[in-house]
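First comes the structure, then the notes that go with it.
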Amino acid sequence: YLVEQGHTVFCISWKNPDEADRALDMDDYLKLGVFAALDAVNAIVPGQRVHAAGYCLGGTLLAIAAAAMARDGDARLASMTLFAAQTDFCEPGELGLFIDEAQVSLLEAQMEQTGYLRASQMAGAFQMLRSYDLLWSRLVGEYLLGDRAPMNDLMAWNADATRMPARMHSQYLRHLFLNDDLSEGHYPVNGKPVALNEIDLPIFVVGTLTDHVAPWRSVYKLHHLTEAELTFVLTSGGHNAGIVSPPANSHRRFQLQTRHTGEKSAAPDDWLASAPATDGSWWPAWHAWLVAHASGSTAVNPPSMGTPGLPPLAEAPGTYVLEK
């Protein structure tokens, strides 16, 4: 959709770690993911600041990266967009039922054997959060009634879970869910703490009304962690369908409101009562926001593939997607 609107788009995908990756940590994901990608973008389109977007854990990592960049005087980001991404974990919703000291210690013992968190473990936890919608209704329909729903694109994407390296996942659970270090200004990047209140980029945040992974009121708490301009969108749908909401989908509805720099933030329910509502997808509103915050006023031709020094490694979709 963004490419059709004239944007040049770069994407990062998750790679499934294996036992050899057990020692990768959160700093590695920042270095080998966010910062390596920024280096590649800077090489392909020199001199252009990046409008970065992150989804779920990717959004949390992006927020951490943006705070580290603000701390270190790195000005390569032009704006930050977060999709269903938490930065304050003191009230993480139903997922908190699965995360306490005993559960984390059990997961760490299991990951010590495999070197990673199995995709089935993560998927199972998410299924239990909405046990009727994601587990029992499926069991009744498919296994008792023999009524197998046809697979669609979103269902296939949702089923494509990924693993997490043992060390990285342990840090994620302990630093963020158990200790809430990021919102309290204690989260370390390269041994030094980062503070979200140092981010001064325009921020666009999307929460979804029935999200069982990142509850929208938890996502909304970024309002209280930074004074930067923040546009918050609350859309109908859940963690996946609320985000994957193309304009052709006429059954969506969203609310949008901007808190300008220095303005006081409303409480979540006061925001819910006052934010104007619009029928349809939020995507066109995001496109308009990106255009309003872009340095250039006109679209440009995208760069050609195979920039010197960064040749294509293989034909699409690449080789990593074939790994087990």
Side-chain angles (χ1 to χ4, degrees), residues 1-17 21 24 27-66 68-70 72-83 85 153-154 156-157 160 162 199 201-204 206 231 240 243-249 281-324:
Y1 172 77
L2 290 178
V3 170
E4 290 174 350
Q5 311 310 311
H7 298 276
T8 299
V9 180
F10 298 84
C11 291
I12 308 172
S13 182
W14 295 97
K15 181 182 185 299
N16 258 347
D21 300 314
L24 290 176
D27 276 355
D28 289 319
Y29 267 64
L30 292 173
K31 179 177 66 176
L32 302 174
V34 179
F35 296 125
L38 283 173
D39 291 342
V41 172
N42 294 153
I44 295 168
V45 282
Q48 297 294 319
R49 298 176 74 205
V50 175
H51 297 269
Y55 189 175
C56 191
L57 172 54
T60 304
L61 283 167
L62 174 59
I64 294 170
M69 293 170 74
D72 298 338
D74 186 336
R76 287 181 290 173
L77 295 184
S79 72
M80 179 174 73
T81 295
L82 305 181
F83 302 147
D153 291 345
L154 186 59
W157 177 65
D160 189 19
T162 188
I199 298 174
L201 305 169
I203 303 172
F204 192 95
V206 182
T231 297
N240 293 331
I243 301 300
V244 185
S245 179
N249 188 337
S281 168
W282 56 268
W283 288 14
W286 183 41
H287 163 60
W289 183 89
L290 287 170
V291 170
H293 291 84
S295 56
S297 58
T298 58
V300 297
N301 292 326
S304 60
M305 298 296 289
T307 298
L310 292 167
L313 300 179
E315 293 294 324
T319 56
Y320 79 96
V321 297
L322 305 177
E323 297 173 0
K324 294 181 180 181

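All values reported here derive from a predicted model rather than from experimental measurement.
- Put simply, the side chain of Arg49 does not reach to within 4.5 Å of the side chain of Leu77, judged on heavy atoms.
- Separating the SG atom in Cys56 from the CG atom in Leu62 is a distance of 13.0 Å, to the nearest 0.5 Å.
- Ala85 approaches Gly59 most closely through the heavy-atom pair CB-CA, 3.7 Å.
- Shortest non-hydrogen contact noted between Met80 and Ala63 is SD-CA, 3.8 Å.
- With rounding to the nearest 0.5 Å, the separation of CG in Leu32 from NZ in Lys15 is 11.0 Å.
- In this structure, CZ on Phe35 lies 9.0 Å from CG on Asp27, to the nearest 0.5 angstrom.
- The nearest pair of heavy atoms linking Thr8 to Pro302 is OG1-CA, 3.8 Å.
- Using cut-offs of 30° and 60° on the angle between ring planes, the pair His287 and His7 is perpendicular.
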Before you tell me yes or no, could you show the steps for His51 and Thr81 under side-chain contact (heavy atoms from CB on, under 4.5 Å), namely the whole-Å CA-CA distance, both residues' side-chain angles and the distance that decides it to 0.1 Å? CA-CA 8 Å; His51 297 269; Thr81 295; over 6 Å; no
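- Using a 4.0 Å cut-off between a side-chain N of Lys or Arg and a carboxylate O of Asp or Glu, Lys31 and Asp39 do not qualify as a salt bridge.
- Looking at heavy atoms from C-beta onward, Leu2 lies out of side-chain contact with Trp283 at the 4.5 angstrom threshold.
- A heavy-atom distance below 4.5 Å is found between the side chains of Ile243 and Trp282.
- Between the OH atom in Tyr55 and the CG atom in Asn240 there is a gap of 4.0 Å [rounded to 0.5 Å].
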As a quick check of understanding, evaluate side-chain contact (heavy atoms from CB on, under 4.5 Å) for Phe83 and Trp286, giving each step before the final call. CA-CA 11 Å; Phe83 302 147; Trp286 183 41; 3.6 Å; yes
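- Considering every non-hydrogen atom in both Ala37 and Ile12, the closest pair reads CB-CD1, 3.4 Å.
- Leu82 has its side chain out of reach of Val206: every pair of non-hydrogen atoms, C-beta onward, lies at least 4.5 Å apart.
- Across all their heavy atoms, Val34 and Ala65 have their closest contact at CG1-CB, 3.7 Å.
- At a threshold of 4.5 Å between non-hydrogen side-chain atoms, the residues Arg76 and Asn42 count as touching.
- Residues Ser79 and Phe204 are not in side-chain contact: their nearest non-hydrogen atoms beyond the backbone lie 4.5 Å or more apart.
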Going through the distances and angles, do Thr319 and Leu313 end up as a side-chain contact (heavy atoms from CB on, under 4.5 Å)? CA-CA 9 Å; Thr319 56; Leu313 300 179; over 6 Å; no
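- Put simply, the side chain of Ser281 does not reach to within 4.5 Å of the side chain of Tyr1, judged on heavy atoms.
- Annotation for Ile203 and Ile199: closest pair CD1-CG2, 4.3 Å, computed over non-hydrogen atoms.
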For the pair Asn16 and Tyr320, evaluate side-chain contact (heavy atoms from CB on, under 4.5 Å) and give the outcome as yes or no after the intermediate values. CA-CA 8 Å; Asn16 258 347; Tyr320 79 96; over 6 Å; no
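- Side-chain contact check for Asp21 versus Leu24: some heavy-atom pair is nearer than 4.5 Å.
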